[in-house]
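Read the structure below first, then the notes.
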Amino acid sequence: MKTGIIDSDAEKIKVNSWNEWDPLRRVMVGRAKGTMVQAPEPAIIRDWPNEGFPKGSYGLVPDELVDAADEQLDNLVKILEKKGVKVDRPSDFDFAQEVSTPDWNQKSMFGCMPPRDVLAVVGNEILEATMSQRSRWHEYLCYRPLIINYFKNDSKMKWEAAPKPRLSDESFNKNFWEKYEKLSNEEKLIKVRENDLILTDEEPLFDAADISRFGKDLFVQLSLVTNKLGYKWIKNHFKDHRVHAVTFDNYYPQHIDATFVPLKPGMVLHCGERTADPELIRYFEKNDWQIIKAEKPSKTYKTLPRMSFCSPWLSMNLLSIDQNTIVVEESEKMQIEQLDKLGFNVVPVPFWDVAPFGGGLHCATVDIEREGEMEDYFPNRHGRF
Ligand code: ABU
């Protein structure tokens, strides 16, 4: 395992990753240590009275949860290293700091378990996302020692940061949650489809985990953390790609990687509870992709780990080591069996203790190097795609 700066094998660093399935050579894996229950802010208000964090309070996530999660993260690192994958970890960072910009002051930051939320690797480029929560505005800083090291040691790497957002009150729809929770499911989905959610279109906002990479095609989910201007910025930025805005029947969309997950060329795993729009499905079918409805998760909303703010669909939040080998959470028996029947070698790992820190196996990782080049897997156009 490598921590911080990696000088000894610096000459071997090559940032290169075009999709989610080519053979994995180098990956970043997050850490749970230091993660905070975020202080209230316009985008999110935590309310966990039974855990000692009633509405308005904030602080470090309890040690026993941190230790359990870090043990599972360290175990993942060992498994990846045994398979010959280089692993980099973010350095320690004080997320308990109060942070501010000229527009606002925020009593705490968040953490560095899910680097996928912050960093998108597209080809030889690492892109730092804008993020859309004040507690996460400065999160890129904990990945900077690694990014700088990649940049110093890879002459071809491109390093970009999307425009830093102001995240002033104008970036958020006032009293959004109170109003949203009163809507019927049907009314919620109309808002989801129109991306009329918590974020206004005052400025471009996006999380990197709303981007899914299929070679020349990038799919960007409009969500609670990605707005239409965010999509526009991504589309204008990646000029050699086809960049598509997509939505799903998900009342609380946040990150595409537990909804629509590529497994290999021609095969995508689709969360049946969060249906894609028919035009997107048709685009995939027209290009001979198989759309596989993911099996049911082992957890229900009631049986999720303490303090988890993710959904049971972390069952399909997978990490591909190559197009035949996929790392899956070990208790997700039905998902494992399904992938097994589809011919994949499944590597089961315990990972549910990581969920309270912001996600599953895909969220916890960022592939820095995969073999392969940009390829076009969608030669046929359909509708707006
Ligand atoms: N950050 C991925 C979480 C997605 C979900 O809870 O469905």
Side-chain angles (χ1 to χ4, degrees), residues 20 28-32 35 37-38 43-44 46 48 61 69 72-73 76 110-120 129-133 135-136 139 143 185 188-189 192 197-199 205-213 219-226 230 246-262 268-276 293-320 327-329 331-332 335 351-367:
E20 306 285 345
M28 207 185 270
V29 175
R31 288 184 192 282
T35 302
V37 174
Q38 293 136 288
I44 36 163
R46 300 284 180 224
W48 290 318
V61 175
Q72 295 194 339
L73 286 155
L76 173 68
F110 171 54
C112 64
M113 196 299 288
R116 185 76 65 177
D117 296 4
V118 185
L119 305 175
T130 64
M131 308 308 286
S132 55
Q133 296 170 2
S135 54
R136 305 194 73 181
E139 207 166 298
Y143 304 115
N185 286 346
K188 280 182 186 158
L189 286 187
V192 167
L197 299 170
I198 178 110
L199 303 178
L205 296 172
F206 67 94
D207 275 14
D210 269 325
I211 304 173
S212 191
R213 303 161 308 149
F219 297 88
V220 179
Q221 177 180 236
L222 303 178
S223 73
L224 289 160
V225 291
T226 297
V246 293
T247 56
F248 299 85
D249 286 346
N250 180 355
Y251 307 119
Y252 302 95
Q254 175 158 337
H255 305 156
I256 194 169
D257 54 0
T259 297
F260 206 64
V261 175
V268 64
L269 195 61
H270 181 202
C271 174
E273 250 179 34
R274 300 168 170 179
T275 325
K293 186 176 160 190
E295 277 298 336
K296 281 209 162 49
S298 67
K299 302 258 182 287
T300 64
Y301 280 95
K302 281 195 180 141
T303 60
L304 287 172
R306 288 166 56 195
M307 296 174 77
S308 171
F309 48 89
C310 295
S311 78
W313 290 103
L314 288 186
S315 55
M316 54 181 291
N317 191 262
L318 319 163
L319 177 69
S320 293
V327 188
V328 185
E329 208 290 330
S331 67
E332 298 300 338
Q335 188 56 79
F351 217 67
W352 263 111
D353 288 341
V354 177
F357 299 84
L361 288 150
H362 194 257
C363 308
T365 53
V366 175
D367 33 306

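Ligands are counted one by one from 1 in listed order, and the atoms in each one are counted from 1 as well. Heads up: numbering here begins at 1 and tracks the sequence.
- Using cut-offs of 30° and 60° for the angle between ring planes, the Phe260 and Phe248 rings count as tilted.
- For the pair Val261 and Glu20, the minimum side-chain heavy-atom distance is 4.5 Å or more.
- Applying the salt bridge (Lys or Arg N to Asp or Glu O under 4.0 Å) test to Asp353 and every residue at least two apart in sequence or in another chain returns nothing.
- For the 3.5 Å distance criterion, the side chains of Trp352 and Glu332 qualify, holding a donor opposite an acceptor.
- We find that Arg136 and Asp117 are joined by a salt bridge, their nearest charged nitrogen and carboxylate oxygen being less than 4.0 Å apart.
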Any protein N/O atoms within less than 3.5 Å of an N/O atom in ligand 1? List the atom names and distances, or say none.
from, atom 1, to, atom 2, distance (Å)
ligand 1, 1 (N), His255, ND1, 2.9
ligand 1, 6 (O), Ser311, N, 2.8
ligand 1, 6 (O), Ser311, OG, 3.3
ligand 1, 7 (O), Arg274, NH1, 3.0
ligand 1, 7 (O), Arg274, NH2, 3.1
ligand 1, 7 (O), Ser311, OG, 2.7

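- Asn185 CG to Tyr251 OH: the interatomic distance, rounded to the nearest 0.5 Å, is 3.5 Å.
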